[in-house]
Amino acid sequence: MSITEIKSEMENLPAEALRELTAFLMTLRHREDKGYARRMAEKIDDTTPDGWVTLDEFDKKLGFQ
């Protein structure tokens, strides 16, 4: 299957499936980065609101808006 075919198939996916696929692709992207899990754990454990982002800001950072 070509990347063009994959993209075409993805265009027809419902929003929930796209979210699941996005999470899967992010996992693939970061699985080789040994420090990624530690950095994410630090961010998740951070209770200081200064470092938080809204869902809209997160989408913009990922290029969804």
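No side-chain N or O of D56 forms a donor-acceptor pair with one of T54 less than 3.5 Å apart.
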Exercise. Kindly indicate, with the supporting measurements, whether the criterion side-chain contact (heavy atoms from CB on, under 4.5 Å) is fulfilled by L13 and E20.
Key: CA-CA 10 Å; L13 292 175; E20 183 177 342; over 6 Å; no
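The two residues T48 and D46 have their closest heavy-atom pair at N-OD1, 2.8 Å. Here the shortest heavy-atom pairing between F58 and V53 reads CB-CG2, 4.3 Å. For D33 against R39, the heavy-atom pair with the smallest separation is OD2-NH2, 2.7 Å. Closest approach of N12 to S8, counting heavy atoms only: ND2-O, 3.4 Å.
With T27 contributing its side chain and A23 its backbone, the two residues share a donor-acceptor pair below 3.5 Å.
Between the CG atom of L21 and the CE atom of M10 there is a distance of 4.5 Å, given to the nearest 0.5 Å. Taken to the nearest 0.5 Å, the CD1 atom of I3 stands 6.0 Å off from the NZ atom of K7. Taken from CZ in R31 to CZ in R29, the straight-line distance is 13.5 Å, to the nearest 0.5 Å.
Clustering of Ile, Leu, Val, Met, Phe, Trp and Tyr side chains at separations under 4.5 Å places Y36 together with M40.
Between R19 and E16, at least one side-chain N (NZ, or NE/NH1/NH2) sits under 4.0 Å from a carboxylate O, which counts as a salt bridge. E42 and R38 are joined by a salt bridge, as a carboxylate oxygen and a charged side-chain nitrogen come within less than 4.0 angstrom of each other.
Hydrophobic clustering places I6 together with L25 (ILVMFWY residues linked when any side-chain heavy atoms are closer than 4.5 Å, directly or through intermediates).
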